[in-house]
Amino acid sequence: MAKGVLVDITKCIGCRSCQIACKAWHNHEAGYEGLNGTYTMPNQLSADTYTRISFVEGERNNQPTWSFVKNQCLHCQEPACASACPVGALQKTKEGPVIYDQWKCIGCRYCMIACPFHIPKYEWDTLNPWVQKCNFCADRVDAGMEPACIKACPMNVMYFDDYEKVVQEAKNRIANHPGKYINHIYGLNEAGGTSWIYISDRPFQELGFDTQVVKASYPSFTWASLSKIPWKAVGFAAALSAIAVFRNRGSRKEDV
Amino acid sequence: MTSQSRYHSTRFFTPSTWVLLLLLIIGAGAALYRLGAGLGPATNLSDGNPWGLWITFDVLTGVALAAGGFTITCAVYILNWKKYKPITRAATLTAFLGYLLVMIGLFLDIGKPWSFWHAWVFWQPHSVMFEIVVCLTLYFLVLLLEFLPWLLTKFSSLSKLQRILESKAVIFPLVIAGIMLSYGHQSSLGGLFLITPDRLHPLWSTPMLHNLFFLSAICAGLAMVSIETMLSSNAFGKEPESDILEGLGRGTAIALLVYTAARMIDLGVRGNIPYIFEGSGASQLFLFEFGICAVLPMIFLAAKTIRTSLPSLLFFQGLVLIGVVFYRFNVVLSSQQQMGGTYFPSLVEIAVTVGLVAGGVFLYRLAVTYLPIFAPAEHSK
Ligand code: SF4
Ligand code: SF4
Ligand code: SF4
């Protein structure tokens, strides 16, 4: 059964327990960035930071407010990254996670270009570089556990369950709390739907979400052209052969 | 065919040859550094800008400039336009060397060069990149087979193989395969960016991107072949073949007409014409790339007086090349907008790119001097 996660942005208090848990589970080094002018730390996802909380200031009823937004791979239902990969190193599993096989990867980095959410990151400084991104703790999910970040969260920000139940829960919360949430489930339609979805009390574009993302399956954009190439090529070959025979009729052998 | 050792009496090692050799060595050193130190230290690539100079210029632009190979063989073998026969070998040689450099560039750019062959083993037909790698390697093989007979003239014991490779039964299938494979990957290089529709500026974002890349590659290929014909006749003290150059100029004008019309119609249909005049950086880049480097040469190359004057021909064909280079850069760079990176190529990246170009010119000189590239033209005169 495909799993999904609902992230309820209103519940997060910005303690960053999930960041730490993710690093611990994946044996990632802690980093130090120094001050960067925001409370978001680290400032970017990177090869050894699969998730981070971005701290977004705002204003509500003339009062300053904070929102804390968890960022990680959204595990698209039809992932652009996986369709882009020439060797199938990225795969959507039927359990939900989009996982990576570093042995297959050739390092072309097309997945980084293709992902509409800019999620895959690269190990630039090693001689055997891998693509890195949140893997939905596929190992834990396979073993019937919840992802490390979700387990560590003290506020139950994330609700982890079968995808259908997760979507239903998002709809229920919006319906049951009129005025609290805006009526938008981010990830329900974005990029054709994602396994991780978000609900919020502030418009998503204020929170750094890309709301320009097309609400359709990204792989279909390239497939529209790709699937026609073999037929076009065969058509071309037939037409060219016919023209060649016609144009070259009667020419002698030594003319070639 | 004679197996004389040299086809041009001009001195091979001129000062410019030494400069080429020097640039080539510097580039090779930079390439070794990239292999030894990794992408991070050698390049300015980052998570915010994963594709840089090598993908944009060495691969995307290189492939477009090498499009003369399939265009000319199509004209000569398929359409039987005999006039262009004398430049077929030079055009094929350029394509062969071009793709050699593209393969080297791609090899250096991917993070795990030693796993280059994986695409051939782990099929992923839904990936544009897969299609490109497969078509690219197959087309390189085709070019190798087309090039081999001239190399074999050096080995008289293999003349039988040479005759087989030059027979109609081999050449025609090769040419047709070459055109199909070229269509496949020339268009797919644009197809790569069909998956970033929300990031490309509306002036470049279109579901027709793959077709526009193919059409613009034909323009680039023809312009490249003309320029190379002019420059090499100059370098080897031959008479420029004005009849051929005039015809190529006309061909470029027609190809440009098809390409610019297709692009204008596409912009018009999607209501994006106003963006051309919005005055932003993107619109200025577009005006330069498309207006000055595509529409302008199209208009001028339509005039016979321009096509028959060498300097103006060189100028306008040069513009076409610059336009296609800019087209590729505009698309790749804008596909990475909003990824949060700033990018300017590192010295190593520049040295490798310059070295590749220098190596290409060097090998071209070498081949033209020692192999029968222009020879058939001289026989038939
Ligand atoms: S969010 Fe990006 S990296 Fe994650 S599955 Fe979707 S396309 Fe792939
Ligand atoms: S970098 Fe690796 S995982 Fe990403 S598309 Fe290329 S081969 Fe696939
Ligand atoms: S699901 Fe696992 S890999 Fe992804 S952010 Fe949470 S802990 Fe990290």
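This structure is a prediction, so every number in the text was calculated from the model and none was measured. Chain letters run A, B, ... following the sequence lines, proteins first, then strands; residues in each count from 1.
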Assess, by modelled atom type and distance only, whether the side chains of [X] and [Y] contain a donor and an acceptor separated by less than 3.5 Å.
X: A:Ser46; Y: A:Asp48; result: yes
X: A:His26; Y: A:Asn135; result: yes
X: B:Arg270; Y: B:Ser205; result: no
X: B:Tyr343; Y: B:Glu349; result: yes

Find the one option among [options] whose heavy-atom pairs under 4.5 Å with chain A are most numerous.
options: B:Gly38, B:Ser46, B:Ala37, B:Gly191; answer: B:Ser46
options: B:Gln336, B:Arg199, B:Glu131, B:His210; answer: B:Arg199
options: B:Asp198, B:Thr196, B:Asp47; answer: B:Asp47
options: B:Ser335, B:Pro197, B:Pro207, B:Ser188; answer: B:Pro197

Short side-chain to backbone donor-acceptor contact, [X] and [Y], under 3.5 Å:
X: A:Arg109; Y: B:Asp109; result: yes
X: A:His75; Y: A:Val98; result: yes
X: B:Asn49; Y: B:Trp51; result: yes
X: A:Thr51; Y: A:Gln19; result: no
X: B:Lys112; Y: B:Phe116; result: no
X: A:Lys121; Y: A:Thr49; result: no

Please classify the contact between [X] and chain A as side chain, backbone, both or neither, with a heavy-atom cut-off of under 4.5 Å.
X: B:Leu39; result: both
X: B:His118; result: both
X: B:Pro125; result: backbone
X: B:Leu181; result: neither
X: B:Trp114; result: side chain
X: B:Ala42; result: neither
X: B:Leu45; result: both
X: B:Pro41; result: both
X: B:Val128; result: both

Quiz item: Does any heavy atom of chain B fall under 4.5 Å from the side chain of A:Ala82, the backbone, both, or neither of them?
Solution: backbone
Practice problem: Sort A:Ser227 into side chain, backbone, both or neither according to what part of it lies under 4.5 angstrom from a heavy atom of chain B. | Solution: neither
Would you mind telling me which of [options] has the largest number of heavy-atom pairs within less than 4.5 Å of chain B?
options: A:Asp210, A:Val131, A:Leu226; answer: A:Leu226
options: A:Tyr218, A:Trp124, A:Phe246; answer: A:Trp124
options: A:Asn128, A:Ile243, A:Asp125; answer: A:Asn128
options: A:Pro129, A:Pro219, A:Gly88; answer: A:Pro129
options: A:Trp130, A:Trp223, A:Phe221, A:Phe236; answer: A:Trp223
options: A:Ala47, A:Cys85, A:Ala80; answer: A:Cys85

How about [atom1] on [X], more than 12 heavy atoms from neighbouring residues, nucleotides or ligands closer than 6.0 Å, or not?
X: B:Phe329; atom1: CZ; value: yes
X: A:Glu29; atom1: CD; value: no
X: A:Gln102; atom1: CD; value: yes

